K.L.:
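Got a structure for you, questions after.
The sequence lines fix the lettering, A, B, ..., with proteins before strands; numbering per chain opens at 1. What you see is a predicted model, and the numbers here were worked out from it, not measured in a lab.
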Amino acid sequence: MTVRVRFAPSPTGELHVGGARTALFNWLFARKHHGVFILRFEDTDIERNRPELIEPILESLRWLGLLWDEGPYFQSHRMALYREWAERLLKENKAYRCYCTPEELEEKRKRALAAKQKPKYDGHCRHLTAQEEQRFLNEGRQPALRLKVPQSGTIVVEDAIRGRVEFDFSELDDFIIVRSDGRPTYNFAVVVDDITMGITHVIRADEHLNNTPKQILLYQAFGYPAPVFAHVPMVLAKDRSKLSKRHGATAVFEFRDRGILPEALVNYLARLGWSHGDQEIFSVQELIEHFSLQAVHPSAAIFDEEKLLWLNQHYLKTSDPKRLGELLRPFLVKLGIFSEAEAHAVPGEKLTQIVVLFRERAKTLTELAEPARYLLTDNFSYDSEAAQKFLTAEKVALLQGLAGALASVEPFTAAELERATRAYLESQGKTLKDVAQACRVALTGRTAGAGLFETMELMGRERVLGRLSSVASLLT
RNA sequence: GUCCCCAUCGACUAGCGGUCUAGGUCACGGCCCUUUCAAGGCCGAAACGGGGGUUCGAAUCCCCCUGGGGACGCCA
């Protein structure tokens with residue numbers, strides 16, 4: 001049987017890293033088993049739905065490379081189907097109409113909670129007579145539909161990650177499957193969808209484990225075998241609480257915008273809660289090859305940005321510089337270094353050179369783009385502390401002399417520049433160490449950076465000579 | 001309150017009864033390399049939550065406690 005899995009977000013927020021990991025596990029599982037990865041939007045909650053979020057979620061998945069084979073489907077387009085399936089349960093006497101109002105139910109729930117009891121529906125409408133129903137109808141009440149749940153017994157969930165999990169029917173109640181306005185509830189729509197879409201493996205977040213017995217009951221009511229369930233552990237913030245906005249970046253887009261590479265996020269997310277021996281770095285191909293639900297660690301995992309950053313740097317160091325250079329352009333704009341048009345006009349070769357020179361010093365594309373400010377423009381500032389420390393009168397004189405020595409270097413390459421610089425310093429009885437930092441500050445405004453001569457080459461003769469000879473103006 | 005899940009270094013994890021004086025990675029500390037910062041190399045500190053069992057033997061199996069998380073909606 002072909003493996004068919006689905007990722008089913010609800011369009012109530014951006015795609016966050018927890019959801020992204022769930023999607024990734026589904027995708028990997030599908031690819032590994034040559035199966036089908038289906039995308040489905042669970043948008044039956046008309047109050048909280050935000051249709052404008054659908055495209056960003058799709059774009060997040062595309063950016064991560066998690067392309068779906070089928071869909072996206074929308075539950076909101078499948079209302080007739082749900083109605084039909086609900087009708088069937090009603091006809092077979094497996095479900096019944098409930099005329100209790102949300103207000104009445106809320107009242108009962110509060111009372112139960114206050115009495116420190118588990119809130120459960122009391123079966124009030126389970127055995128209504130025709131006259132009673134008519135009376136409710138006359139009052140103008142719109143019934144919801146509830147599933148008849150056995151009062152006793154147990155139901156077993158065989159979870160691919162957690163093993164056997166047992167639930168007692170006494171924990172369950174006759175839950176609502178269709179709202180009084182005719183829209184299906186989550187548990188009902190999910191099961192109808194998973195059955196009709198032929199889902200073989202339900203890989204989803206841990207928080208749904210408690211819903212699973214209800215869903216299995218629905219499978220039984222419909223007379224279909226349940227799929228394999230796999231509940232993946234939650235992704236937690238540093239303080240062990242559920243990841244949320246107050247913890248900083250959580251949305252996939254935020255990481256993209258900060259200059260995280262998709263392959264780094266994918267690698268990180270895959271390795272969060274899953275492992276394959278001691279291996280840390282995985283290509284997508286390796287991930288597909290080695291992924292298994294059995295190897296998913298069952299406990300919740302804390303999202304560690306430091307490790308993500310380390311992986312990001314790894315991919316910055318090892319990816320094709322040309323590709324990375326092109327990725328830099330939007331960051332040039334975002335950092336205010338260039339206008340859109342200017343960023344577009346920067347020769348690709350320059351960007352590639354920046355990548356090669358700085359990739360070992362940057363953890364993100366943002367950091368990688370930063371040096372372009374002093375490399376490619378004159379609109380940069382000097383670190384006054386550094387200037388004060390390194391640009392002494394003696395050093396300034398030396399640098400001005402150096403400007404003269406470098407004026408006619410040909411070609412203007414790192415190797416030639418180093419030769420000329422060392423020769424000049426030797427003639428002055430100085431070493432490179434004596435002037436390197438001062439020179440760096442004069443050229444870049446800062447004390448940290450790439451190799452001095454490589455920096456000069458990339459900067460170009462005009463900027464180097466100009467900055468060295470005008471260095472006196474920086475004296476304070 | 002009830003139910004469910006989880007429990008190895010600060011973090012992610014390896015470990016699936018003896019090979020564990022518990023391994024790897026991130027972060028952290030030190031040293032080396034070095035024109036700075038990085039990168040890299042080497043070294044180091046750092047964990048089986050507690051208590052009972054089972055067993056010749058337990059990080060590994062069972063129970064209890066504790067701790068953390070989740071669910072208990074006409075939300076998903």
K.L.:
For the C1' atoms, the ones on B:rU66 and on B:rU25, what distance do you get once it is rounded to whole angstrom?
P.N.:
30 Å
K.L.:
Suppose you measure atom C1' in B:rG70 against the same atom in B:rG52; what distance do you get, rounded to whole Å?
P.N.:
29 Å
K.L.:
Taking A:Ser275 for the side chain and A:Arg271 for the main chain, is one N or O donor matched with an acceptor at less than 3.5 Å?
P.N.:
no
K.L.:
Which atoms form the tightest heavy-atom contact between A:Met79 and A:Thr44, and what is the distance?
P.N.:
CE-CG2, 4.1 Å
K.L.:
Where do N or O atoms of nucleotides 40-45 of chain B meet protein N or O atoms at under 3.5 Å, pair by pair?
P.N.:
residue	atom	partner	partner atom	Å
B:rG40	OP1	A:Lys317	NZ	2.9

K.L.:
Please state how far atom CZ in A:Phe169 lies from atom C1' in B:rU2, giving the value in whole angstrom units.
P.N.:
18 Å
K.L.:
Mind checking the C1' distance from B:rG23 to B:rU8? Whole angstroms is fine.
P.N.:
11 Å
K.L.:
Look only at the side chain of A:Thr185 and the backbone of A:Ile176, and say whether a donor-acceptor pair between them is shorter than 3.5 Å.
P.N.:
yes
K.L.:
With a non-hydrogen cut-off below 4.0 angstrom, is A:His208 in contact with a base, only sugar-phosphate, or nothing?
P.N.:
base
K.L.:
Would you call A:Arg50 and A:Thr12 a side-chain contact if the rule is heavy atoms closer than 4.5 Å?
P.N.:
no
K.L.:
Distance check needed: B:rU34 C1' versus A:Gln437 CD, whole Å only.
P.N.:
11 Å
K.L.:
Could you tell me how far apart A:Gln313 (CD) and B:rC37 (P) are, to the nearest whole angstrom?
P.N.:
16 Å
K.L.:
Answer yes or no: side-chain N or O of A:Asn211 and base N or O of B:rA76 forming a donor-acceptor pair under 3.5 Å.
P.N.:
yes
K.L.:
Check whether any side-chain heavy atom of A:Met456 lies under 4.5 Å from a side-chain heavy atom of A:Arg463, and answer yes or no.
P.N.:
no
K.L.:
Does A:Thr447 contact B:rC37 through a side-chain donor or acceptor facing the base, at a distance under 3.5 Å?
P.N.:
no
K.L.:
What distance, rounded to whole Å, do you find between the two C1' atoms, one in B:rA7 and one in B:rA47?
P.N.:
12 Å
K.L.:
Heavy-atom nearest nucleotide on RNA chain B for A:Gly273 versus A:Glu280: which residue maps closer to 5'?
P.N.:
A:Gly273
K.L.:
In terms of relative ring orientation, are A:Phe29 and A:Phe291 parallel, tilted or perpendicular, with 30° and 60° separating the classes?
P.N.:
perpendicular
K.L.:
May I ask you to verify whether the side chain of A:Asp206 and the base of B:rG70 hold a donor-acceptor pair under 3.5 Å?
P.N.:
no
K.L.:
Is the phosphate of B:rA14, meaning OP1 or OP2, less than 4.0 Å from a side-chain N or O of A:Ser275?
P.N.:
yes
K.L.:
Have a look at A:Leu105 and say if it touches a base, only the backbone sugar-phosphate, or nothing, with a 4.0 Å heavy-atom cut-off.
P.N.:
base
K.L.:
Taking any strand in view, what nucleotide pairs with B:rG44 in a Watson-Crick or G-U wobble way, both distances under 3.5 Å?
P.N.:
B:rC28
K.L.:
Using a 4.0 Å heavy-atom cut-off across all strands, classify A:Ala362 as base, sugar-phosphate, or nothing.
P.N.:
nothing
K.L.:
Can you tell if the side chain of A:Asp383 reaches within under 4.5 Å of the side chain of A:Thr447, non-hydrogen atoms only?
P.N.:
no
K.L.:
Check the phosphate of B:rG70 against A:Arg240, side-chain N and O only, distance under 4.0 Å to OP1 or OP2. Yes or no?
P.N.:
no
K.L.:
B:rC5 base to A:Arg162 side chain: any donor-acceptor pair below 3.5 Å?
P.N.:
no
K.L.:
Suppose we define a pair by two distances each less than 3.5 Å, Watson-Crick or G-U wobble; what does B:rC16 pair with here?
P.N.:
none
K.L.:
Taking CZ from A:Arg83 and P from B:rC74, how many angstroms apart are they, rounded to a whole number?
P.N.:
20 Å
K.L.:
For B:rA76, does OP1 or OP2 lie under 4.0 Å from any side-chain N or O of A:Arg48?
P.N.:
no
K.L.:
What is the ring orientation for A:Phe74 with A:His77, classed by angle as parallel under 30°, tilted 30 to 60°, or perpendicular over 60°?
P.N.:
tilted
K.L.:
What's the gap between B:rG30 and B:rG49 when it is taken at their C1' atoms, as a whole Å value?
P.N.:
31 Å
K.L.:
Taking CZ from A:Arg204 and C1' from B:rA76, how many angstroms apart are they, rounded to a whole number?
P.N.:
11 Å
K.L.:
Provide, to the nearest angstrom, the distance between the CD atom belonging to A:Gln279 and the C1' atom belonging to B:rC26.
P.N.:
16 Å
K.L.:
With a 4.5 Å heavy-atom cut-off, do A:Ile155 and A:Lys214 have their side chains touching?
P.N.:
no
K.L.:
For A:Arg21 and B:rU13, what is the distance between atoms CZ and C1' respectively, to the nearest whole Å?
P.N.:
13 Å
K.L.:
Strictly below 4.0 Å: does A:Lys242 bring a side-chain N or O up to OP1 or OP2 of B:rA71?
P.N.:
yes
K.L.:
Could you tell me which nucleotide pairs with B:rA58 by Watson-Crick or G-U wobble geometry, both distances under 3.5 Å, or answer none if nothing does?
P.N.:
none
K.L.:
Within the pair A:His314 and B:rC26, is there a side-chain N or O less than 4.0 Å away from OP1 or OP2?
P.N.:
no
K.L.:
If the C1' atom of B:rC26 is compared with that of B:rC9, how far apart are they to the nearest Å?
P.N.:
12 Å
K.L.:
Give me the ring orientation class for A:Phe229 and A:His231: parallel if the planes are under 30° apart, tilted from 30 to 60°, perpendicular past 60°.
P.N.:
parallel
K.L.:
Provide the Watson-Crick or G-U wobble partner of B:rA22, both distances under 3.5 Å; none if there is no partner.
P.N.:
none
K.L.:
Whether A:Ser170 contacts B:rC3 is assessed here as follows: a side-chain N or O lying under 4.0 Å from the phosphate OP1 or OP2. Is that the case?
P.N.:
no
K.L.:
Using atom P in both nucleotides, what's the gap between B:rA11 and B:rG68 to the nearest angstrom?
P.N.:
14 Å
K.L.:
Suppose we define a pair by two distances each less than 3.5 Å, Watson-Crick or G-U wobble; what does B:rA71 pair with here?
P.N.:
B:rU2
K.L.:
Categorize A:Phe167 for me: base, sugar-phosphate, or nothing, with a 4.0 angstrom heavy-atom threshold over every strand shown.
P.N.:
sugar-phosphate
K.L.:
Would you check if A:Arg141 and A:Leu137 make a side-chain contact, meaning some heavy-atom pair closer than 4.5 Å?
P.N.:
no
K.L.:
Using heavy-atom distances to pick each residue's nearest nucleotide on RNA chain B, tell me which of A:Asp304 and A:Glu171 is more 5'.
P.N.:
A:Glu171
K.L.:
When the distance from CD1 of A:Ile176 to P of B:rA76 is rounded to whole Å, what number comes out?
P.N.:
11 Å
K.L.:
Base, sugar-phosphate or nothing for A:Leu272? Non-hydrogen atoms, less than 4.0 Å.
P.N.:
sugar-phosphate
K.L.:
If the P atom of B:rG67 is compared with that of B:rG50, how far apart are they to the nearest Å?
P.N.:
15 Å
